[in-house]
Amino acid sequence: MSGKLKYERLRGFRDLYPEDMEPKDRFFENAKKVARSFGYSMIDYPSLESIELYLDKSGEELLGQTFSFTDKGGRNVTLLPEATPSVMRMLTSRKDLPRPVRWFGIPKIWRYEEPQSGRVREHFQFNADLFGPDSPAADAEIITLASDILDSCGLNGKFHIKLNNRKLMDSILEAINVDNIPKAFSIIDRFHKIDVEEFRRSFLSVAGNEGNVDKVLDLVREKGPAEQICLKIEEAFADNGNISETIERLKQTSALIREYTGNEPYIDLSVVRGLSYYTGTVFEFSDAEGQFRSILGGGRYDSLAGNISGTDIPAVGFGMGDVVVELMMKKYGKWNASENIMKAYLVSTSPAGTHICLKVAKSLRENGIVAISDLSGRSISNQMKNASSSGASIAFIAGDREKESHSVTVKDMQTGSQTSVKLESLESFVFSKIQEFRQRIST
RNA sequence: GCCGGGGUGGGGUAGUGGGCAUCCUUGGGGACUGUGGAUCCCCGGACCCGGGUUCAAUUCCCGGUCCCGGCCCCA
């Protein structure tokens, strides 16, 4: 009879039903809590921006991957493809803010791409930035924030922190006379997706000779603790002053991250990040088992403010999409329906009973208990079924009998025991039930 | 934009060139005019769309569409 649904969800967009929305909401609440504990303040910005904000920064290739259109005033606008430019716009139009500025937001982000595992066309992103300091300590703080958020979701030890530095990569590529650095980055970025021979072939076109290709290949193919990787780089480029300076910074940052998070970050020279505006530290977090695409990515972008407003402001930040986090949390059994909250179900068998239920519900809600009224008006048997499937731990039943005796019948849904409570003593009864419930869930 | 694999009730499935299709689950109702999770009964609900082959297509062929996965890209 009903047949095909007439209106279908757009490709790459998601409907979030309670079973997914609740865990997602809890994830973001956790993230907010952690960010606030670091002194970060929440901000928000429009979902629509003038397309110029991205053109200035990223060039024309961006256009094909945004949801863009011309509005009724003839302006070219686009749904946010990333958060950073908007955050920068906000920052640079407030010169009065004392630094450091610590901000986070949870925007929706849109990208017109083919959906696949871990990627959709509209997603939530937890985005945090630190403006002002340009020290290793600042880089380490933002990375620690990201790490602590994942820890707070029960993913402790399930992810790897991969760290690199754009300046270091610049210096290395300059040292071997690569002139097309963006192209070299794009090849390095694809290192793990292509085989060694293809890498050699591609990289030869920018590196000039086989020896240089081998040098880079040797560095890019290995990831490990700072000590080990930095030693390799030093051996290969001992005489280069620029390189040893950046290596020092990488070592410091790495040591601070180890100290703050308790986890050893991996130096991974294949992590260069696609974004053109990164200027120093870049990082990525990935599933320790390598199953999913990156959980989050970020880095330092000290010149972006200058591009927008003329004055550089040191900045470091990251964006963490909700999609891969969800995959991770599901994989490790952390994507659970809901926390234990006390729910009460109100069963009414007559208009007089409904009147009593309304009063009881009000009292329950004032005491922080979820009170669900049965609105079906059906048999008590059916109402009890509803009570049961709602997950309520307690049911209040009222009808004409209760009206007579000025009371309400209370049934404990777990034990099945039932008592009658006078309406005058309802408050204290509810209070004792709350205590009992708390005790029950804590054991 | 490109490549590969798939589409049977809301979800998960069985099956067939020939009687508008199996089972589980979910939803609604009842047994149960004042007591839940069990059991039993009843009801609702599907062959993605279009064309072709055929006496006959849910089944075979072609095209489309959608979903899933991958490429590109990941700002």
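Just so we're on the same page: letters track the sequence lines, and every chain starts at 1. Keep in mind that the numbers below use all heavy atoms, side chains included, and drop hydrogens, waters and symmetry copies.
- B/rC42 and B/rC47 have their C1' atoms separated by 25 Å, given to the nearest Å.
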query = What do the steps show when you test A/S405 against A/S407 for side-chain hydrogen bond (donor to acceptor under 3.5 Å, both in side chains), and what is the final call?
reply = CA-CA 5 Å; A/S405 58; A/S407 66; 2.7 Å; yes

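- The partner of B/rG63 is B/rC49, judged by Watson-Crick or G-U wobble contacts that both fall below 3.5 Å.
- Side-chain atoms of A/M413 lie closest to B/rG36 of the nucleotides B/rG34, B/rG36, B/rC73.
- The listed nucleotides are B/rG34, B/rC74, B/rG70; the one nearest the side chain of A/K193 is B/rC74.
- Between B/rC73, B/rG34, B/rG30, one nucleotide has an atom nearer to the side chain of A/N382 than all others, and that is B/rG30.
- Counting to the nearest Å, the P atom of B/rC74 and the CZ atom of A/F285 are 21 Å from each other.
- Judged by closest nucleotide on RNA chain B, A/A398 is the one of A/R190 and A/A398 placed further toward the 5' end.
- For B/rC73, the base has a donor-acceptor partner in the side chain of A/R119 [N/O atoms by modelled type, under 3.5 angstrom].
- Protein atom NZ of A/K385 is 8 Å distant from nucleotide atom P of B/rG30, rounded to whole Å.
- With A/Y112 as the aromatic partner, A/R121 meets the cation-pi criteria of under 6.0 angstrom to the ring centre and within 45 degrees of the ring axis.
- The P atoms of B/rU58 and B/rC20 are separated by 11 Å, rounded to the nearest whole Å.
- Set against B/rG34, B/rG1, B/rG36, the side chain of A/R401 has B/rG34 as its closest nucleotide.
- Base pairing of B/rC40 is made with B/rG30, judged by Watson-Crick or G-U wobble geometry with both donor-acceptor distances under 3.5 Å.
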key: Full working for side-chain hydrogen bond (donor to acceptor under 3.5 Å, both in side chains) between A/S68 and A/T66   = CA-CA 6 Å; A/S68 305; A/T66 54; 2.5 Å; yes

Dump every N/O contact between nucleotides 63-67 of chain B and the protein below 3.5 Å, one line per pair.
{"residue": "B/rC67", "atom": "OP2", "partner": "A/R11", "partner atom": "NH1", "Å": "2.7"}

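- Geometrically, A/K223 engages A/Y266 in a cation-pi contact defined by less than 6.0 Å to the ring centre and at most 45° from the axis.
- Nucleotide B/rA57 has no partner under the Watson-Crick or G-U criteria, as no pair reaches both atom distances under 3.5 Å.
- Between A/Y301 and A/D129, the side chains place a donor N or O and an acceptor N or O closer than 3.5 Å (distance only, hydrogens not considered).
- Counting only heavy atoms from C-beta on, A/R378 has its side chain closest to B/rG28 among B/rG1, B/rC72, B/rG28.
- The nucleotide B/rG69 finds its pairing partner in B/rC3, both defining distances of the Watson-Crick or G-U wobble pair being shorter than 3.5 Å.
- One P atom belongs to B/rU53, the other to B/rU59, and the distance between them is 15 Å to the nearest Å.
- Residues of residues 312-332 of chain A that place a heavy atom closer than 4.0 Å to RNA chain B do not occur.
- Here B/rG34 is the nucleotide among B/rC71, B/rG34, B/rC74 with the atom lying nearest to any side-chain atom of A/I397.
- OP1 or OP2 of B/rC73 has not a single side-chain nitrogen or oxygen of A/Q65 nearer than 4.0 Å.
- A close approach under 4.0 Å does not occur between any side-chain nitrogen or oxygen of A/Q383 and OP1 or OP2 of B/rG36.
- Per the geometry, NZ belonging to A/K343 stands 20 Å off P belonging to B/rG36, to the nearest Å.
- Relative to the side chain of A/E402, the nucleotides B/rC2, B/rG34, B/rC73 differ in distance, and B/rG34 lies closest.
- Comparing B/rU25 with B/rG63, their C1' atoms sit 36 Å apart, to the nearest whole Å.
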request  = Give the intermediate values and the outcome of side-chain hydrogen bond (donor to acceptor under 3.5 Å, both in side chains) for residues A/S350 and A/D400.
outcome  = CA-CA 6 Å; A/S350 73; A/D400 292 338; 2.8 Å; yes

